[in-house]
Q: 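Got a structure here, written out as structure tokens. Questions coming.
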Protein chains: 2
Amino acid sequence: MALKYALLGLLTKNEATGYELNQQFKETMIHFWSAHHTQIYRQLVKMEEEGLVSSQVVHQVDYPDKKVYRLEDKGYEMLLQWLFSKEILPSTLKDDLLLRVSLFQLIPADEAIAFLERAKEQHMFGLGLMEKWRDSHFPEGEFNQEDLGEYLTSEFGQRYMQHWIEWCDWAIQVIKRTKEKGSDVK
Amino acid sequence: MALKYALLGLLTKNEATGYELNQQFKETMIHFWSAHHTQIYRQLVKMEEEGLVSSQVVHQVDYPDKKVYRLEDKGYEMLLQWLFSKEILPSTLKDDLLLRVSLFQLIPADEAIAFLERAKEQHMFGLGLMEKWRDSHFPEGEFNQEDLGEYLTSEFGQRYMQHWIEWCDWAIQVIKRTKEKGSDVK
DNA sequence: TATTTATATGTGTATTTTCACATATGTTCA
DNA sequence: TGAACATATGTGAAAATACACATATAAATA
């Protein structure tokens, strides 16, 4: 359901091909969304059938032909209606890494720490990418009104990464402390 | 896939019915996971077929009969194998609220602020629940070794809520500032 | 010369997740 | 008495998502 609105949202900025929309998912929407490219292509076909978007095949000499999608009025209206809807559903996390963390009592402390170190590195890498992206898109923290949403969500993504990293440090310390005690307790 | 391990993980603590496992999802795993009760029941049936868990129907006088699931050796082994696997996939967010935030340039500033205020309230409510839960489970921040995972992930959940709330405050300020400038800029 | 990478769009299938609905029993509250 | 709620487990169907594979062109790299 929401993927539809995500695509309509991206198309408010520019017309785009399924390929480009997939790129944008991987780049700018990485802060809060993800989608497989096959899902995007299929969703676009469906949306065209519903009259929310229209497409035009553009012939290219050097590359395969591409299909450019454009937002139609009906799609824009539907998007706005969704944006103005009053219901705010609480968002739920679904995180593989944390699921494993929740079972740390089943593995040795050293394994747990190594896992957290790697998770931390991964999120530091992610943070680096986000900072880079933000610096190039919003130098000096400046942004245009039409990029407000992106500015806000990219800050969220960056802070989320920082939160992850800080929590990793905290969790590693907790495990190290319990490990010290462990000799006489457990 | 991961739901299987989530259930196996919960069953390492105690044998439980599908109903109870659903409760636990809603209570303790709210920090990082969610699942519909129908999905849990179906997954349990599948896991029993695979010999990962076994079940026993317990007759009750006052309530409908219940089906208690117990972790089998094969299930425990599979869980450990998963826990020790080296691959760490980066976790991706998927958040309805943020998708709407990403399109804030399409709605009036007042609407955007109202939305963020409500989102903030909601996360403050969530934070309250988590703090309460933590106080009752880990008074004075003390925890038993067998609850290590829960202790770590609940801290994550709590910090995540705080991160959300702080970000809401920040975003509201950003929009208020652009609103002031808005009169002469856009 | 062969492999990889980038451009570009898909199909078929399987899995995962959700939604609407169904069925029981007993308690509490209006 | 009737409604709502908690206990307890599911089915059928739809929707969302992911996985493996397919196709085609051209550039860059090993």
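Labels below follow one simple rule: chain letters A, B, ... track the order of the sequence lines, proteins then strands, and each chain is numbered from 1.
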Q: Which of the following nucleotides, D:dA8, D:dT11, C:dG10, is nearest to the side chain of A:Tyr69?
A: C:dG10

Q: Separation of A:Gln56 atom CD from C:dT9 atom C1', in whole Å?
A: 17 Å

Q: Within the structure, does a side-chain N or O atom of A:Gln39 lie under 4.0 Å from either OP1 or OP2 of D:dA16?
A: no

Q: Rounded to the nearest Å, what distance is computed from the CD atom of residue A:Gln23 to the C1' atom of nucleotide C:dA6?
A: 9 Å

Q: Is the distance from OP1 or OP2 of D:dG10 to the nearest side-chain N or O of B:Tyr41 less than 4.0 Å?
A: no

Q: Contact class for B:Thr17 vs. all strands (heavy atom < 4.0 Å): base, sugar-phosphate, or nothing?
A: sugar-phosphate

Q: Do B:Tyr160 and A:Tyr160 have ring centroids that are under 6.0 Å from one another?
A: yes

Q: Do A:Phe104 and A:Phe115 have their ring centres less than 6.0 Å from each other?
A: yes

Q: Between B:His37 and B:Gln43, name the one whose nearest nucleotide on DNA chain C is closer to the 5' end.
A: B:Gln43

Q: Across the strands shown, which category fits B:Tyr63 at heavy-atom distances under 4.0 angstrom: base, sugar-phosphate, nothing?
A: sugar-phosphate

Q: Determine whether the aromatic ring centres of residues A:Trp167 and A:His163 are separated by less than 6.0 angstrom.
A: no

Q: Between the base of C:dT17 and the side chain of B:Arg42, is there any donor-acceptor pair under 3.5 Å?
A: no

Q: Calculate the interatomic distance between B:Phe25 atom CZ and C:dT18 atom C1'; express it in whole Å.
A: 15 Å

Q: Side-chain N or O of A:Lys67 versus OP1/OP2 of C:dG10: is the shortest distance under 4.0 Å?
A: yes

Q: Name the nucleic acid region contacted by B:Lys94, choosing base, sugar-phosphate or nothing; use a 4.0 angstrom heavy-atom cut-off, strictly under.
A: sugar-phosphate

Q: Taking atom P of D:dT9 as reference, at what distance in whole Å does atom OH of B:Tyr19 sit?
A: 9 Å

Q: To the nearest Å, give me how far apart CG (A:Leu7) and C1' (D:dT17) are.
A: 14 Å

Q: Hey, which sits more toward the 5' end of DNA chain D by its nearest nucleotide, A:Lys46 or A:Asp62?
A: A:Lys46

Q: Send over the distance from B:Lys66 NZ to C:dT23 P, rounded to a whole Å.
A: 25 Å

Q: Looking across every strand, which nucleic acid part, if any, lies under 4.0 Å from B:Gln60 by heavy atom: base, sugar-phosphate, or nothing?
A: sugar-phosphate

Q: I need the NE2-C1' distance between A:His59 and C:dT7, as an integer number of Å.
A: 14 Å

Q: In whole Å, I'd like the distance from the CG atom of B:Leu3 to the C1' atom of D:dT17.
A: 15 Å

Q: Establish, for the pair B:Arg100 and A:Tyr5, whether the NZ or CZ atom is under 6.0 angstrom from the six-membered ring centre and no further than 45 degrees off its axis.
A: no

Q: For the pair B:Arg159 and B:Glu166, find out whether any cationic side-chain nitrogen is under 4.0 Å from an anionic carboxylate oxygen.
A: no

